[in-house]
Amino acid sequence: MAGRYDPSWEPILKPLFKQDYMRNLSNFVQQERQQTLIFPPKSLVLNAFRLTPFDEVKVVILGQDPYHNDGQAHGLSFSVPRGIALPPSLKNIYTELQSDIPGFQYPASGDLTKWAKEGVLLLNATLTVRAHQAASHQRRGWEEFTDQIIHLISQKLENVVFILWGSYAQKKTMLIDAQKHLILRSVHPSPLSAHRGFFGCKHFSQANAYLQSKGRKPIDWQI
């Protein structure tokens, strides 16, 4: 499977890559890349696993699909590279951070790489997409792969915060052991739903309070 990842993920990812559905998925994505433009670039498909070592995962923020417009997707949920206009959902995430975290300054950049390096796994359920065709690579095997990742994080680690925004992400609750981890749920930060409970959810301060209560260093959310 394309893209580099941190060696700490090897015991997790290598057995998954050997499964039949992943071989089929890999062949599908390779064929798609030969025929059309696919996001993110091959080297960034596993970017979330490159930037956040397995044993340093503190928070998982689950997205659904990579962004499908030019230059946006770089393998991290909700994030766009520096210099790319902020997507609407990310603007709302920053707005919530401003009201939730004292002193948080609204960032100019939508690049969340700093969070990833702090232990926030920015995981999309589907890791590739056709340019300008939302959801075009869903139900091809990615969801099975990322479901197994979520389950293995739940199984092998302790005291991780899982942040599930929107009904799609909330379906992943069944993969997580709520006795060992904190699950935070709200509506999606999209402009269509943010006013129905995302604003004011205080997930960022709740995550940090939980991490500190377990003796873990909190996340510096400032970009």
Side-chain angles (χ1 to χ4, degrees), residues 47-48 51-52 56-69 71-125 134 150 153-154 157-173 176 178 180-223:
N47 201 21
L51 294 170
T52 310
E56 293 177 25
V57 173
K58 296 177 180 177
V59 177
V60 178
I61 298 181
L62 190 68
Q64 188 163 353
D65 234 28
Y67 294 122
H68 57 268
N69 288 331
Q72 290 182 308
H74 64 148
L76 304 175
S77 62
F78 295 100
S79 178
V80 291
R82 190 169 294 274
I84 298 292
L86 300 183
S89 290
L90 186 55
K91 288 181 180 178
N92 287 339
I93 289 168
Y94 285 170
T95 298
E96 173 60 19
L97 274 158
Q98 271 190 307
S99 73
D100 186 23
I101 302 294
F104 182 87
Q105 301 288 314
Y106 196 101
S109 170
D111 187 346
L112 305 181
T113 296
K114 178 177 171 287
W115 289 3
K117 290 179 176 178
E118 291 229 1
V120 182
L121 184 69
L122 295 162
L123 182 64
N124 278 317
I150 294 164
I153 291 170
S154 172
L157 298 178
E158 291 186 359
N159 306 325
V160 173
V161 182
F162 290 85
I163 295 181
L164 309 178
W165 293 327
S167 58
Y168 181 87
Q170 288 173 29
K171 289 174 186 166
K172 309 298 181 182
T173 301
I176 304 161
K180 292 170 62 183
H181 307 285
L182 176 65
I183 303 172
L184 297 176
R185 289 176 283 245
S186 86
V187 298
H188 197 275
S190 137
L192 298 172
S193 56
H195 291 279
R196 299 201 306 268
F198 176 75
F199 292 132
C201 69
K202 300 195 178 300
H203 281 177
F204 304 99
S205 59
Q206 285 187 62
N208 277 352
Y210 175 81
L211 291 170
Q212 287 178 294
S213 77
K214 301 298 183 181
R216 306 194 74 182
K217 188 179 174 187
I219 306 297
D220 176 7
W221 295 107
Q222 185 63 57
I223 296 296

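Treat the numbers as computed from the prediction; the structure is a model and nothing was measured. All residue numbers in this chain count up from 1 along the given sequence.
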*Go through the structure and list residues passing side chain to side chain donor-acceptor pair (under 3.5 Å) with T113, not counting sequence neighbours.*
D111

*How would you list all residue pairs meeting salt bridge (charged side-chain N to carboxylate O under 4.0 Å, His left out) that involve residues 89-109, not counting sequence neighbours?*
none

*For the residue pair Y94 and G110, what are the closest heavy atoms and their distance?*
OH-CA, 3.5 Å

*With sequence neighbours excluded, what pairs up with Q64 under the side-chain contact (heavy atoms from CB on, under 4.5 Å) test?*
Q138, Y168

*Check: W115 and V59 side chains under 4.5 Å, non-hydrogen atoms*: no

*Any residue meeting ring pair (Phe, Tyr, Trp, His ring centres under 6.0 Å) with F104, in chain and number order, not counting sequence neighbours*: none

*Any residue meeting ring pair (Phe, Tyr, Trp, His ring centres under 6.0 Å) with F162, in chain and number order, not counting sequence neighbours*: H181

*Minimum-distance pair of heavy atoms, taken over all atoms of L122 and A48*: O-CB, 3.5 Å

*Quick one: list whatever passes side-chain contact (heavy atoms from CB on, under 4.5 Å) with E158, sequence neighbours left out.*
K180

*ring pair (Phe, Tyr, Trp, His ring centres under 6.0 Å) against H68, all qualifying residues, sequence neighbours excluded*: none

*Who passes side-chain contact (heavy atoms from CB on, under 4.5 Å) against L157, sequence neighbours left out?*
F54, V57, I153, V160

_Nearest-0.5 Å distance, CZ of residue R196 to NE2 of residue H188_ = 12.0 Å

*Okay, side chain of W165, backbone of G63: is any donor-acceptor separation there less than 3.5 Å?*
no

*Mind checking ring pair (Phe, Tyr, Trp, His ring centres under 6.0 Å) for Y210 and listing every partner two or more places apart, or none if nothing turns up?*
none

*asked:* List the residues meeting salt bridge (charged side-chain N to carboxylate O under 4.0 Å, His left out) with E118, not counting sequence neighbours, and say none if there are none.
replied: K114

*So which pairs with a foot in residues 73-83 pass side chain to side chain donor-acceptor pair (under 3.5 Å), sequence neighbours left out?*
H74-S79

*asked:* Please enumerate all residues that pass side-chain contact (heavy atoms from CB on, under 4.5 Å) together with P87, with sequence neighbours excluded.
replied: Y67, Q72, V80, L90

*Using atom types as modelled and distance alone, determine if a side-chain donor or acceptor of K58 lies under 3.5 Å from a backbone N or O of K217.*
yes

*Where the side chain of Q222 meets the backbone of Q105, is there a donor-acceptor pair that is under 3.5 Å apart?*
yes

